[in-house]
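Here's the structure, in structure tokens; my notes come after.
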Amino acid sequence: MRLVQNMCTIAEYPQAGSASGDGCSGGSSARPRLIKIAVVGASGVGKTALVVRFLTKRFIGDYERNAGNLYSRQIQIDGEMLAIQVQDTPGIQIHEHGLDCNEQLNRCIRWADAVVIVFSITDYKSYELLSQLHQQIRQLHPGNRVPVVVVANKADLLHIKEVEPQNGLQLANMLGCTFYEVSVSENYNDVFNAFHVLCKEVSKQQITSTPEKRRTSLIPRPKSPNMQDLKRRFKQALSAKVRTVTSV
Ligand SMILES: Nc1nc2c(ncn2[C@@H]2O[C@H](COP(=O)(O)OP(=O)(O)OP(=O)(O)O)[C@@H](O)[C@H]2O)c(=O)[nH]1
């Protein structure tokens with residue numbers, strides 16, 4: 001794991017393909033493709049724990065309230081090394097009038113290629129935020145279906161659950177999102193799978209929308225010249241010239 005920058009400097013982080021190095025390109029001269037993921041959700045649902053678990057495999061119980069850190073890691077997916085950036089975002093405050101999405105959060109969502117929405121099964125209010133957050137993501141990415149994964153965290157705390165995992169699954173399905181129920185504290189594999197699936201989806205989207213692919217799909221291939229037609233036109237041109245010469 002490497003802490004890259006805090007949120008206000010996202011734009012300064014070198015993009016894949018840029019000349020300057022970030023020191024984590026795994027020894028290969030070609031820069032790996034970059035995938036940017038934002039992790040959003042209510043306060044205390046385990047966003048930081050989730051991100052740190054994914055990046056380090058470790059569960060660390062206590063964090064300061066998060067101001068929004070950007071982390072990076074490289075992972076191999078289908079044989080290709082990818083540079084993953086994960087933006088941990090400050091917990092969303094829930095107000096009576098609804099969602100309070102500040103500009104910082106909106107900037108993170110706009111920046112991202114994919115989003116993880118986290119809620120806790122021990123906190124009904126965090127579950128209620130799901131639809132609003134999903135709507136916000138769609139609004140900030142008009143015309144572009146950024147992949148979204150819904151993560152129901154704290155599955156180890158079933159005795160104090162306020163949300164049935166089944167409800168989370170149903171809602172995620174309705175919104176067209178992949179759903180994972182995880183316990184960040186107890187299970188690394190589920191956490192890894194959630195990020196892995198998301199990275200795969202983004203990767204697929206990026207590959208199918210590379211400039212080369214777009215160009216080849218937009219510009220029709222030139223037809224090979226029709227030799228018969230060329231000969232005919234050449235003959236026509238010649239005979240016209242002969243006619244002109246003989247008439248002089
Ligand atoms: N039992 C249990 N506790 C968890 C789990 N994941 C996180 N926690 C705890 O939940 C608390 C909040 O975790 P954070 O990762 O700080 O939550 P956050 O969403 O980043 O919170 P904000 O920074 O306020 O937005 C911490 O005490 C974690 O130890 C889990 O899977 N099970």
Side-chain angles (χ1 to χ4, degrees), residues 1-8 10 36-73 84-95 98-109 111-112 114-134 136-137 148-169 172 177-196 198:
M1 180 190 76
R2 197 171 79 93
L3 179 63
V4 179
Q5 296 277 2
N6 70 16
M7 194 141 60
C8 52
I10 284 171
K36 297 172 288 182
I37 300 173
V39 178
V40 302
S43 189
V45 295
K47 296 183 297 300
T48 307
L50 177 85
V51 174
V52 172
R53 184 71 142 150
F54 168 60
L55 297 166
T56 68
K57 295 192 179 176
R58 285 186 302 156
F59 174 68
I60 299 165
D62 269 319
Y63 299 94
E64 305 239 316
R65 278 201 69 182
N66 160 42
N69 287 327
L70 178 66
Y71 303 88
S72 74
R73 178 191 165 172
I84 315 291
Q85 285 185 5
V86 186
Q87 178 67 59
D88 187 8
T89 61
I92 294 161
Q93 304 301 319
I94 303 164
H95 293 281
L99 195 63
D100 180 22
C101 274
N102 58 32
E103 193 38 45
Q104 191 183 22
L105 180 71
N106 288 342
R107 216 164 357 117
C108 288
I109 294 175
W111 162 89
V115 181
V116 179
I117 306 178
V118 189
F119 75 89
S120 165
I121 64 158
T122 63
D123 176 358
Y124 193 79
K125 283 205 160 127
S126 73
Y127 165 75
E128 283 184 321
L129 269 185
L130 241 176
S131 307
Q132 295 170 66
L133 269 171
H134 183 264
Q136 185 78 1
I137 295 163
V148 177
V149 160
V150 171
V151 170
N153 188 28
K154 308 199 186 182
D156 55 298
L157 298 179
L158 281 175
H159 54 290
I160 50 167
K161 73 170 189 272
E162 291 183 3
V163 186
E164 288 297 334
Q166 191 59 24
N167 293 351
L169 173 65
C177 306
T178 317
F179 176 79
Y180 281 90
E181 188 191 348
V182 308
S183 164
V184 172
S185 66
E186 293 193 347
N187 191 321
Y188 166 73
N189 287 337
D190 291 341
V191 171
F192 180 81
N193 284 342
F195 279 94
H196 191 258
L198 202 53

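As the structure is a prediction and not an experimental result, all values here were calculated from the model. Note that ligands are numbered from 1 as they come in the structure, with each ligand's atoms numbered from 1 the same way.
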Using heavy atoms and a threshold below 4.0 Å, how should the contact between [X] and ligand 1 be classified: side chain, backbone, both, or neither?
X    : value
D156 : side chain
L50  : neither
V182 : neither

For [X], the ligand 1 atoms whose distance to one of its heavy atoms is below 4.0 Å:
X    : value
T48  : 15 (O), 20 (O)
G61  : 26 (C), 27 (O), 28 (C), 29 (O)
S183 : 31 (O)
A49  : 7 (C), 15 (O)

Check: [X] N/O within less than 3.5 Å of ligand 1 N/O:
X    : result
A155 : no
P90  : no
T89  : no

task: Run the numbers on F195 and L55 for side-chain contact (heavy atoms from CB on, under 4.5 Å), then give the verdict.
output: CA-CA 10 Å; F195 279 94; L55 297 166; over 6 Å; no
- request: First locate atom OG of S72, then atom NZ of K36, and finally report the distance between them rounded to the nearest 0.5 Å.
  value: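 It comes to 13.5 Å.
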query: Does I121 offer a backbone N or O that forms a donor-acceptor pair with the side chain of E162 under 3.5 Å?
result: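 No, the answer is negative, given that no donor and acceptor are paired below the 3.5 Å cut-off.
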query: Which is closest to atom 6 (N) of ligand 1 by heavy-atom distance: N153, I60, N187, L157?
result: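 Nearest heavy atom to atom 6 (N) of ligand 1 lies in N153.
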field: Option of least heavy-atom distance to atom 19 (O) of ligand 1 (set: K47, R53, E186)
entry: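 The nearest heavy atom belongs to K47.
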- prompt: Under the ring pair (Phe, Tyr, Trp, His ring centres under 6.0 Å) test, which residues partner Y180, sequence neighbours left out?
  reply: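 Checked Y180 against ring pair (Phe, Tyr, Trp, His ring centres under 6.0 Å); zero matches.
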